[in-house]
Amino acid sequence: MENKVIITVVGKDTVGIIAKICTYLADKGVNVLDITQTIVQGFFNMMMIVDITGSTRSFDELQKDLEQLGDEIGVQVKAQKEEIFEKMHRL
C-alpha cells in the first residue's frame with residue numbers, strides 16, 4: 001500500500017528549488033510519483049505526489065523538515081497526506 005503525500009511549493013522563482021527539494025526527498029527514501037511546476041510572472045509553483053512507504057523519516061518529520069527547507073530557500077513548502085488533501089479540495 002502506498003502512503004501518498006501531496007507536496008506544494010510556492011514562492012519567488014530562484015535557481016535550484018526543484019533540485020533542493022528532490023535531493024532532500026531522495027536522501028530520505030521518498031519516491032516521487034508525479035510532479036508539475038509552473039512559473040508565472042516570476043513566481044514558482046510546484047505540486048508533487050510522493051510515496052513515503054520507503055522513507056527513513058516519519059510523515060511528521062518530513063513535514064517539519066520540508067517546511068524548514070522551504071524557509072532556508074525562500075519558498076513555502078507544505079506536505080499533506082493525500083486523503084486530507086482530497087477532503088480539503090473537494091468541490
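In summary, of the residues considered (Val30, Ile49, Val77), a side chain to side chain contact (heavy atoms under 4.5 Å, CB included) with Ile7 occurs for Val77 alone.
Put simply, Val32 and Phe59 are part of the same group of oily side chains (I, L, V, M, F, W, Y) that touch within less than 4.5 Å, one to the next. Side-chain heavy atoms closer than 4.5 Å link hydrophobic residues (I, L, V, M, F, W, Y) into clusters, and following such links, possibly through other members, connects Ile52 to Ile35.
Note that CG of Leu69 and CD1 of Ile73 are 4.5 Å apart. Values are rounded to the nearest 0.5 Å. With rounding to the nearest 0.5 Å, the separation of CD1 in Ile6 from NZ in Lys78 is 15.5 Å. Rounding to the nearest 0.5 angstrom, the gap separating the CE atom in Met47 from the OG1 atom in Thr36 is 8.5 Å. Here CZ of Arg57 is found 11.5 Å from CG of Asp27. Values are rounded to the nearest 0.5 Å. Atom-to-atom distance recorded for Glu72:CD and Glu67:CD is 12.5 Å, nearest 0.5 angstrom.
Not one N or O on the side chain of Asn3 forms a donor-acceptor pair closer than 3.5 Å with the backbone of Asp51.
Residues Met48 and Leu25 share a closest heavy-atom pair of CE-CD1, 3.7 Å. Closest approach of Ala79 and Gln63 over heavy atoms only: O-NE2, 2.8 Å. Nearest heavy-atom pair across Tyr24 and Glu61 is OH-O, 4.4 Å. Taking each heavy atom of Phe44 and Gln37 in turn, the nearest pair found is CE1-OE1, 3.3 Å.
Contact annotation: the side chain of Met46 approaches that of Ile21 to within less than 4.5 Å [non-hydrogen atoms, C-beta and beyond]. Residues Lys4 and Lys81 form no side-chain contact, since every pair of their non-hydrogen atoms from C-beta on lies 4.5 Å or further apart. Using a 4.5 Å heavy-atom cutoff, the side chains of Val9 and Ile18 are not in contact.
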Between Ile17 and Val75, is a side-chain contact (heavy atoms from CB on, under 4.5 Å) present by the stated rule, with each step listed? CA-CA 8 Å; Ile17 296 170; Val75 295; 3.8 Å; yes
